[in-house]
Amino acid sequence: YREILKNIEIINTLINLISSFGTIVALFALGYQIITERMRQKREQANKASTWLDDSYEKQSIVIYNSSNYPIYEVVVSIDDVYDEGTIGSGEDHCIDILPLGQYVVEMEFDGFGMNHVFSSSITFRDHFNRYWTRDARGTLVKEKDNVIEKKRNIYRPYMSTFFRKINK
């Protein structure tokens, strides 16, 4: 009879250990899910800001599209060489203080596309959480550690805001 009770105690202990282990795994999974969701939320507005070149206007133009529910701030766009790795703002920078939801165009003077060069647009901006982001000419989105407008693009306030207009597409 004692041996049966001892075996039952061992089985109960094993069941408790397995149950505890399952609880620990579930807590780790919940923590991972919370962290990844927060990371996704932090990038959500930045993922909804994009630019591209458009030559259907009188001058070479950059179209800026903000499809988030919030405006973006301290927007700087430029035409940059795709192959000039890590460089943003190598072209002429155009600044916009506040860009609301929608699609906008900035027309600019551009010398043209040279041989062995591929150009695209880049954008730097601050989101409504006060975080700075850069999407380079290759389309790579990077969260910046601090104010890249001053550090990377060498633009200091007060800056002259560029003329831009809303387009309906």
Side-chain angles (χ1 to χ4, degrees), residues 30-169:
L30 178 64
Y32 175 77
Q33 188 177 14
I34 289 170
I35 289 169
T36 55
E37 178 62 18
R38 283 188 181 163
M39 288 171 56
R40 187 197 63 77
Q41 286 176 347
K42 284 182 179 180
R43 293 183 71 87
E44 185 174 17
Q45 183 181 17
N47 281 329
K48 293 182 176 184
S50 59
T51 63
W52 60 89
L53 297 181
D54 189 338
D55 59 0
S56 64
Y57 298 93
E58 286 183 34
K59 298 179 180 178
Q60 181 63 50
S61 301
I62 295 178
V63 175
I64 310 166
Y65 184 44
N66 176 17
S67 63
S68 74
N69 293 326
Y70 303 98
I72 53 177
Y73 306 93
E74 297 181 62
V75 179
V76 180
V77 293
S78 61
I79 298 175
D80 296 318
D81 190 340
V82 171
Y83 296 125
D84 194 3
E85 190 172 333
T87 302
I88 58 166
S90 55
E92 183 181 341
D93 293 317
H94 295 272
C95 307
I96 300 168
D97 281 325
I98 301 173
L99 190 80
L101 170 67
Q103 195 167 330
Y104 301 87
V105 65
V106 174
E107 293 183 50
M108 60 187 60
E109 297 294 331
F110 181 64
D111 292 338
F113 302 99
M115 290 178 55
N116 301 320
H117 293 277
V118 176
F119 290 91
S120 188
S121 56
S122 67
I123 183 171
T124 301
F125 62 93
R126 181 173 52 86
D127 67 12
H128 73 284
F129 291 114
N130 221 21
R131 292 182 298 251
Y132 287 91
W133 298 88
T134 297
R135 186 179 303 275
D136 65 16
R138 294 178 178 168
T140 305
L141 181 66
V142 175
K143 181 184 177 297
E144 304 289 355
K145 291 183 185 324
D146 49 18
N147 186 344
V148 299
I149 294 169
E150 292 179 0
K151 295 203 166 60
K152 280 189 179 177
R153 291 192 181 253
N154 294 318
I155 300 172
Y156 299 91
R157 284 201 170 271
Y159 52 74
M160 184 77 159
S161 190
T162 298
F163 175 75
F164 65 100
R165 70 177 185 276
K166 187 166 181 133
I167 53 178
N168 298 320
K169 284 192 178 183

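From a predicted model like this one, the values you see are computed outputs, not experimental measurements.
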**Asked** Does CD belonging to Q41 count more than 12 external heavy atoms closer than 6.0 Å?
**Response** yes
**For the student: nearest non-hydrogen atoms of D93 and S78, plus distance** = OD1-CB, 3.4 Å
**Request:** Please name the pair of heavy atoms, one in A46 and one in W133, separated by the smallest distance, quoted to 0.1 Å.
**Result:** CB-CD2, 3.4 Å
**Message:** Is there a side chain to side chain contact (heavy atoms under 4.5 Å, CB included) between Y73 and D97? Walk through the geometry before answering.
**Reply:** CA-CA 6 Å; Y73 306 93; D97 281 325; over 6 Å; no
**Asked** With a 4.5 Å heavy-atom cut-off, do R165 and V105 have their side chains touching?
**Response** yes
**Prompt:** Does any pair with a residue in residues 55-67 pass salt bridge (Lys or Arg N to Asp or Glu O under 4.0 Å), and if so which ones, sequence neighbours excluded?
**Reply:** K59-E109
**Message:** Once ring-ring contact (aromatic ring centres under 6.0 Å, His included) is applied, do any residues pair with Y132, and if so which ones, sequence neighbours excluded?
**Reply:** none
**Request:** Flag the pair F164 / H94 as yes when at least one side-chain heavy-atom distance between them is below 4.5 Å, and no otherwise.
**Result:** no
**Item:** Non-hydrogen side-chain atoms of D136 and D80 separated by less than 4.5 Å
**Value:** no
**Prompt:** Would you find a donor on one side and an acceptor on the other, under 3.5 Å apart, between the side chain of R131 and the backbone of K42?
**Reply:** yes
**Message:** Are there over 12 heavy-atom neighbours, none belonging to R40, within less than 6.0 Å of that residue's CZ?
**Reply:** yes
**Item:** Exercise: identify the closest heavy-atom pair between V82 and A137
**Value:** CG2-O, 3.9 Å
**Message:** Donor-acceptor pair, distance only, cut-off 3.5 Å: does the side chain of R135 make one with the backbone of A49?
**Reply:** yes
**Asked** Counting only N and O atoms by type, is there a donor-acceptor contact under 3.5 Å from the side chain of T51 to the main-chain atoms of V63?
**Response** no
**Message:** Can you tell me how the ring of H128 sits relative to the ring of Y70, calling it parallel under 30°, perpendicular over 60° and tilted otherwise?
**Reply:** parallel
**Prompt:** Going from CD on E74 to CD1 on I96, what distance comes out if it is rounded to the nearest 0.5 angstrom?
**Reply:** 12.5 Å
**Prompt:** Say you draw a straight line from CD1 of I72 to CD of Q45; how long is it, rounded to the nearest 0.5 Å?
**Reply:** 7.0 Å
**Message:** Run the side chain to side chain contact (heavy atoms under 4.5 Å, CB included) test on V77 and T124 for me, step by step, so that the C-alpha distance in whole Å, both residues' side-chain angles and the decisive distance to 0.1 Å come before the verdict.
**Reply:** CA-CA 7 Å; V77 293; T124 301; over 6 Å; no
**Prompt:** Between S61 and D54, does a side-chain hydrogen bond (donor to acceptor under 3.5 Å, both in side chains) hold up when you go through it step by step?
**Reply:** CA-CA 5 Å; S61 301; D54 189 338; over 6 Å; no
**Item:** Any donor-acceptor N/O pair, S67 side chain to K48 backbone, under 3.5 Å
**Value:** yes
**Fill in**
Rounded to the nearest 0.5 Å, the OH atom of Y104 sits from the OH atom of Y65 at a distance of 11.0 Å
**Request:** Look up atom CD1 in I123 and atom OG1 in T134, then write down how far apart they are to the nearest 0.5 Å.
**Result:** 9.5 Å
**Item:** Heavy-atom pair of closest approach, residues V106 and I64
**Value:** CG2-CD1, 3.9 Å
**Request:** State, with a plain yes or no, whether a side-chain heavy atom of L99 is found less than 4.5 Å away from one of P71.
**Result:** no
**Complete:** Rounding to 0.5 Å, atoms NZ (K143) and CE (M39) come to a distance of 11.0 Å
**Prompt:** Rounded to the nearest 0.5 Å, what separation is found between the CG atom of D81 and the OG atom of S120?
**Reply:** 10.5 Å
